[in-house]
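Report on the following structure.
By convention in this document, chain letters (A, B, ...) are assigned in the order of the sequence lines, proteins followed by strands, and residues within each chain are numbered from 1.
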Protein chains: 2
Amino acid sequence: MNRRSALKSKENIKKAALEAFSKYGYNGASMRMIAHEAGISVGGLYLYFKNKEELCLFLIKEKLNEFSKNAQIIFENVEDPIEAISRYINMSIEYAKRHREFIITQTRDQGFTFGMDIKREFFEDQKKLIKNIIQQGIDKGLFRPLDAFEVTKVIMGVIRGYILSFVMDPDNVFDAEYCCELILKGLLKENP
Amino acid sequence: MNRRSALKSKENIKKAALEAFSKYGYNGASMRMIAHEAGISVGGLYLYFKNKEELCLFLIKEKLNEFSKNAQIIFENVEDPIEAISRYINMSIEYAKRHREFIITQTRDQGFTFGMDIKREFFEDQKKLIKNIIQQGIDKGLFRPLDAFEVTKVIMGVIRGYILSFVMDPDNVFDAEYCCELILKGLLKENP
DNA sequence: AGTTCACATGAACAGACGTTCAGCACTTAA
DNA sequence: TTAAGTGCTGAACGTCTGTTCATGTGAACT
């Protein structure tokens, strides 16, 4: 039963840890539990990750980087601000759907305060990207002359809200299309 | 040091528990910690609450009821759908500001899955209230003919997003006014 | 003074936790 | 055949957890 590939083991641990953290939160998930699910011994975990904290931070970093790459691709390749915002919202929502487990991790336990520095940096970067697009839209006369920074915060809020909705009630989550529609055109019929 | 009022003790426990759950999450907050902060012994806690779970659920119920009452007052007293939606969004955000600690509790640990039944019921109720207002707005020709249910979900998403933003980054949270503005009028200049 | 009773204590218990480490199993190289 | 080295094991350690319970305290009654 020995001499399995170390790479495979690490992959198993990552997968098991993600699932455990997702299901039970940081404190709720135990190293024993993760080890068992990864098909490895408790001690084995410590061959690949210094401790529980490092294991959790590793997963967070990995996922944030994945998302950032997706966002970069959109903003590099799409010129039209309206299209870019739509694509970003859609991408975020799709990403949330695909990586629900990761997102759940972030809404529990130490989840959110854990690795706060990394996350803050991540959100700051995202904020800059969106604000930039919004400002472009305003400058081009496509968007109403709102405060780009405030709008950015609201839009990021909406996306975060989607994530929370998903966690609360995964079968009854709002449509990405409607989300874009509402943000772009608003609720009111008359546009003064 | 004895013979203090039981009412006062329970109040102290509630306050200490709320703070502890807020700071450290459900698993992270210990009964010892809560007892110490409440100025009571560990055993004393169990005179007022059956166990940790019940203590936490009690706090959740209390806050949800508070919020529900606020919402009811708005929807009972405001006729105009536009006004009602604005007031609801503002009230939610104000409530979040005032009860930040409670909200933080909900984003951690077991926080969200904890007492899921109560919360789901709460959110269902809120959803119905909002959907009702949106539908009225559509029927009266004030809002664009969107799917009221989908719009409701987005709006609730925005509010939840605000809450998350608040937890992530309390000093840099978006303005309630802008939130209403964006939801009502949208981002686009031209309204087709 | 004696009894009652609500309020309160904190040591003790059983179990779970993260982490460590002496040692095993197997492959590879000498 | 031996030695080195990698991958891994799981009992053991110390610490913390939620919960219990025999015991205490003092005000309010008879």
Study note, to complete from the structure: Judged by nearest nucleotide, the residue sitting upstream toward the 5' end of DNA chain C, G43(A) or M33(A), is M33(A)

Check your understanding: Tell me: CD of E53(A) to C1' of dT19(C), nearest whole Å?
Key -> 14 Å

Point to revise | Atom-to-atom span, CG of L45(B) to C1' of dT17(D) - whole angstrom | key: 14 Å

Check your understanding: So what does A35(B) hit on the nucleic acid, given a heavy-atom distance under 4.0 Å: a base, only sugar-phosphate, or nothing?
Key -> nothing

Check your understanding: Among the nucleotides dC7(C), dC17(C), dT9(D), which one has an atom lying closest to any side-chain atom of L47(A)?
Key -> dT9(D)

Point to revise | Candidates dT19(D), dC17(C), dC8(D) - which lies nearest the side chain of S30(A) | key: dC17(C)

Practice item. To the nearest Å, give me how far apart CE (M31(A)) and P (dG10(D)) are. Key: 16 Å

Study note, to complete from the structure: Which of dT9(D), dT19(D), dT19(C) is nearest the side chain of I40(A)? It is dT9(D)

Check your understanding: Counting side-chain heavy atoms from CB outward, which of dT9(D), dC17(C), dA8(C) is closest to R32(A)?
Key -> dC17(C)

Study note, to complete from the structure: Quick note, V42(A) side chain, CB onward, closest among dG18(C), dG10(C), dG10(D) is dG10(D)

**Study point:** Length of the NZ-P vector between K52(B) and dT19(D), whole Å
**Key:** 8 Å

Review point. Side-chain donor-acceptor pair under 3.5 Å between Q135(A) and D139(A), yes or no?
Key: yes

**Study point:** Side-chain (N90(B)) to main-chain (S86(B)) donor-acceptor, under 3.5 angstrom
**Key:** yes

Exercise for review: Would you indicate, yes or no, if dC7(C) has its OP1 or OP2 atom less than 4.0 angstrom from a side-chain nitrogen or oxygen of S9(B)?
Suggested key: no

Revision key, fill the gap. Note: for G44(A) and A29(A) on DNA chain C, the residue whose nearest nucleotide lies more 5' is A29(A)

Exercise for review: Taking only the side-chain heavy atoms of Y48(A) (C-beta and beyond), determine which of dC7(C), dC8(D), dG18(D) contains the nearest atom.
Suggested key: dC8(D)

Check your understanding: Closest to the Y46(A) side chain: dA8(C), dC17(C), dT20(C)?
Key -> dT20(C)

Review point. Just checking, K50(A) and F58(A): is the charged tip under 6.0 Å from the six-membered ring centre and within 45° of the axis?
Key: no

**Study point:** Separation of atom CG in N27(B) from atom P in dG18(C), rounded to whole Å
**Key:** 11 Å

**Study point:** Short N-O contact, E150(A) and K153(A), less than 4.0 angstrom
**Key:** yes

Point to revise | Y26(B) OH to dG18(D) P, straight-line distance once rounded to whole Å | key: 8 Å

Check your understanding: In whole angstrom, what separates H36(B)'s NE2 from dA8(C)'s P?
Key -> 16 Å

Exercise for review: On the 0 to 90° scale, with breaks at 30° and 60°, tag the Y26(B)-F21(B) ring pair as parallel, tilted or perpendicular.
Suggested key: parallel

Exercise for review: Using atom CG of N51(B) as one end and atom P of dA14(C) as the other, report the distance to the nearest whole Å.
Suggested key: 20 Å

